[in-house]
Amino acid sequence: MTDLQDKAEKMGIKIPEITFEEINEQIKPVLRKMEQAGIRINVSYINELDQKLSSRLKELETEIHKSTGTEFNIGSPIQMADILFDKLKLSTEGLKKTKSGISTAASELKKIEDTHPAIKLILEHRELSKLISTYLRPLPLLVDEDDRLHTTYGMETSTGRLTSSEPNLQNIPIRGTYGAEIRNSFIANPGMKIIAADYSQIELRIVACLAPDKLMIESFQRGDDIHAKTAAQIFHIPLEEVTKEQRRVAKAVNFGIVYGQTSYGLSQALDISPAEASKYIKEYFESYSGITKYINYMIDSARKDGYVETLFGMKRYLPEINSSKHYIAESEERMAINTPVQGTASEILKLAMIELDKQLDEISKKSGKTARMLLTVHDELVIEASSEIAQEVATATKDTMENVIKICVPIEVSIGIGDTWDEAK
DNA sequence: AACTAGGCT
DNA sequence: GTATAAGCCTAGTTG
């Protein structure tokens, strides 16, 4: 029994008798089945979108060249910085630097969006060229004779998460103007449905239990909206009076906390002053004192032992955590905070997949219909099932994911059924 | 191959 | 004085 498991059992986590090595062995055949199954895409729909965006891209290119008065390669950050900051003399104040010069990343360009009409065009150009070159062009070339994409899952990550490559189906767009359209081109076979199941705030629930943090645990047990609850805490107002904007801020703080985010980082993410960000983080730590202790405990134990571990015993060594270069040490401190949380979440999803795989086989056998897992995206599963049994499969999926392990708070899964990946979400 | 950028959880 | 949010994969440019 590891330290973390001992701590966890005291907090009412019932840990299944299995190690992370065994989980990783048992997940392999499941992943091979998923790779073989593949997911169907609507190739002609993607090609149409490609054409549409490509023609807009050409327009943008012309407009940008006209607006800047130079025919340069918009895809070259070097040329871009040259045009914006040397030729057009746009202000570089407050912009990040890269190794080679001023950053032209979207997050930086947004800061000077109103100082020149070309910037908005450049940002749109970036968005479209990303979608075209990474998704719309390559994906149709990778389908099999049934229009299905087959990814390859990998397991060699430092936290135990899975990876997906050639193609990566774990970073298919969902946000932005075209996210929904792209996800709508991931479709079920005729007579079948796509089922998407997501763990809701799994990492926050895990850290609440690992910490343990009394207030956060109570909030999850009551079924509160955790981001609103956090907003109420950091703004010192009643839960009912939390505004959307306050909730958005609180969500970012909750999110950042599992990454060991600093006030500077939060200020960048929210576009607020470091002083304001610092105030929120301070209020957060005062409200959730268990989380504060967790962070200190993880850093201390990593300094002492040289590693941290997940609930099922996967170790991550952090040899530089005592480095005298403090940004090196701080980087590993953040890993010490994040790895047990991210790694445990990953183990829980893998356990659920191992169990669900058996159940789907049973349902298929019993009904004579298809039910198969297709994708895993860190806290989400995508399944394809015959329409007749889709509801049954969805129920079994939710039940399995929510009950594969008992932790000190309820685990919640949101689930949807549709003809496409977007519709199922 | 290094660097920059940007897509996802 | 330097850096500042965890973990991935892919594409385009540059030298």
Side-chain angles (χ1 to χ4, degrees), chain A residues 72-81 96-109 122-123 125-139 142 151-176 178-179 182-183 198-204 207 252-270 274 277-278 281 298 308 316 318 324-346 349 375-382 421:
Chain A
F72 66 105
N73 183 344
I74 300 165
S76 163
I78 295 175
Q79 295 179 37
M80 178 69 73
K96 279 196 179 142
K97 291 178 183 123
T98 67
K99 287 177 183 172
S100 30
I102 307 292
S103 169
T104 69
S107 58
E108 305 309 302
L109 295 187
I122 291 165
L123 290 169
H125 186 280
R126 286 265 177 83
E127 181 186 5
L128 298 191
S129 62
K130 177 69 180 181
L131 296 181
I132 293 166
S133 69
T134 308
Y135 305 101
L136 301 178
R137 285 282 155 76
L139 292 184
L142 294 169
T151 186
T152 304
Y153 289 106
M155 301 213 301
E156 320 309 318
T157 65
S158 41
T159 59
R161 272 192 177 183
L162 299 169
T163 62
S164 162
S165 60
E166 291 181 291
N168 181 359
L169 297 182
Q170 290 179 328
N171 73 342
I172 300 301
I174 187 171
R175 290 182 277 268
Y178 304 99
I182 294 178
R183 289 218 172 191
D198 269 86
Y199 277 120
S200 90
Q201 296 122 19
I202 185 72
E203 295 195 349
L204 216 45
V207 75
V253 182
N254 271 329
F255 192 65
I257 229 73
V258 281
Y259 298 139
Q261 189 176 47
T262 63
S263 52
Y264 177 83
L266 184 65
S267 73
Q268 291 288 305
L270 287 176
S278 172
I281 291 175
M298 279 303 157
V308 291
R316 179 174 190 180
L318 299 168
S324 57
K325 293 181 185 171
H326 64 79
Y327 63 94
I328 303 271
E330 282 164 2
S331 164
E332 297 211 344
E333 286 171 11
R334 293 191 292 273
M335 296 174 194
I337 296 165
N338 180 262
T339 299
V341 180
Q342 190 182 115
T344 300
S346 152
L349 181 65
L375 304 179
T376 168
V377 195
H378 311 305
D379 63 1
E380 174 186 10
L381 292 179
V382 178
W421 193 359

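Sequence lines set the chain letters: A, B, ... in the order given, protein chains first and strands last, and positions in each chain run from 1. As a basis for the values below, the full set of heavy atoms in this structure was taken, side chains included, without hydrogen atoms, waters or symmetry mates.
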With a non-hydrogen cut-off below 4.0 angstrom, is A:R175 in contact with a base, only sugar-phosphate, or nothing?
base
Testing C:dT4, B:dT4, B:dC8 for proximity to the side chain of A:T262, the answer is C:dT4
Which nucleotide in C:dC8, C:dG1, B:dG7 has an atom nearest any side-chain atom of A:T163:
C:dC8
Of the candidate nucleotides C:dA5, B:dA5, C:dG7, which contains the atom at the shortest distance from the side chain of A:H378?
C:dG7
Separation of A:L139 atom CG from B:dG7 atom C1', in whole Å?
12 Å
Just compare C:dA6, C:dG7, B:dT4 and give me whichever is closest to any side-chain atom of A:K99.
B:dT4
Would you confirm whether A:S165, through its side chain, and A:N168, through its main-chain N or O, come within 3.5 Å as a donor-acceptor pair?
no
If you check the A:S76 side chain, which of B:dC8, B:dA5, C:dT14 turns out closest?
C:dT14
Within the 4.0 Å heavy-atom criterion, would you say A:E166 contacts the bases, only the backbone, or no part of the nucleic acid?
sugar-phosphate
Rounded to the nearest 0.5 Å, what's the gap from OG1 on A:T262 to CD on A:E330? Could you check?
8.5 Å
Would you indicate what A:L131 reaches in the nucleic acid, counting non-hydrogen atoms under 4.0 angstrom: base, sugar-phosphate, or nothing?
nothing
CD of A:Q261 versus P of C:dG7: gap in Å, rounded?
14 Å
Using the P atom as the point on both nucleotides, what is the distance between C:dA3 and B:dC3, in whole Å?
14 Å
From CD (A:Q261) to CZ (A:R334), nearest 0.5 Å:
10.0 Å
Could you give the distance separating B:dG6 and C:dT2 at their P atoms, to the nearest angstrom?
25 Å
Send over the distance from A:R334 CZ to C:dA5 P, rounded to a whole Å.
6 Å
Identify whether the distance between the nearest side-chain nitrogen and carboxylate oxygen of A:R161 and A:E203 falls below 4.0 Å.
yes
Looking for any heavy atom pair under 4.0 Å, which part of the strands does A:A269 touch: base, sugar-phosphate only, or nothing?
base
Quick one: is C:dC8 close enough that its OP1 or OP2 comes under 4.0 Å of any side-chain N or O from A:S158?
yes
Give the rounded distance in Å between these two atoms: CG of A:L270 and P of C:dA5.
12 Å
Base, sugar-phosphate or nothing for A:S129? Non-hydrogen atoms, less than 4.0 Å.
nothing
Start at the 5' end of DNA chain C and walk down; is the nucleotide closest to A:E330 or to A:N338 reached first?
A:E330
Is a donor from one side chain sitting under 3.5 angstrom from an acceptor on the other, for A:Q342 and A:T159?
yes
For the pair made of CG in A:N171 and P in B:dA5, what is the distance, rounded to whole Å?
18 Å
Select base, sugar-phosphate, or nothing to describe what A:I337 touches, counting heavy atoms under 4.0 Å on all strands.
nothing
Need one value for A:S263: base, sugar-phosphate or nothing, where a base atom within 4.0 Å counts as base even if backbone is also close, heavy atoms only.
nothing
Atom-pair distance (CD1 on A:I172; P on B:dG7), nearest Å
13 Å
Which nucleotide in the list B:dC3, B:dA5, C:dG7 gets nearest to the side chain of A:T98?
B:dA5
Could you check whether A:T104 gets within reach of a base, just the sugar-phosphate, or nothing at all, counting any heavy atom under 4.0 Å?
sugar-phosphate
Starting from P on B:dC8, measure out to OH on A:Y178 and report it in whole angstrom.
15 Å
Mind checking if A:S100 touches a base, just sugar-phosphate, or nothing, with heavy atoms under 4.0 Å?
sugar-phosphate
Of A:L349, A:V382, A:T151, the one forming a side chain to side chain contact (heavy atoms under 4.5 Å, CB included) with A:T376 is A:L349
Which nucleotide in the list B:dA5, C:dG1, C:dT10 gets nearest to the side chain of A:S165?
C:dT10
Roughly how far apart are A:L266 CG and A:Q268 CD, rounded to 0.5 Å?
10.0 Å
Work out how far the C1' atom of C:dA5 is from that of B:dC8, and round it to whole angstrom.
15 Å
Can you figure out which of C:dG7, B:dC8, B:dT9 approaches the side chain of A:R316 most closely?
C:dG7
On DNA chain C, more 5' by nearest nucleotide between A:Y264 and A:T159 is A:Y264
Which one, C:dA6, B:dT9, B:dC3, comes nearest to the side chain of A:R161?
B:dT9
Residues A:I122, A:T104; criterion side chain to side chain contact (heavy atoms under 4.5 Å, CB included); working and verdict
CA-CA 10 Å; A:I122 291 165; A:T104 69; over 6 Å; no
Taking B:dG7, C:dT4, C:dT14 as options, the one with an atom nearest any side-chain atom of A:Q79 is C:dT14
What is the separation between atom CD1 on A:I257 and atom P on C:dA6, rounded to the nearest whole Å?
13 Å
Using a cut-off of 4.0 Å on non-hydrogen atoms, how would the nucleic acid contact of A:S103 be classed: base, sugar-phosphate, or nothing?
sugar-phosphate
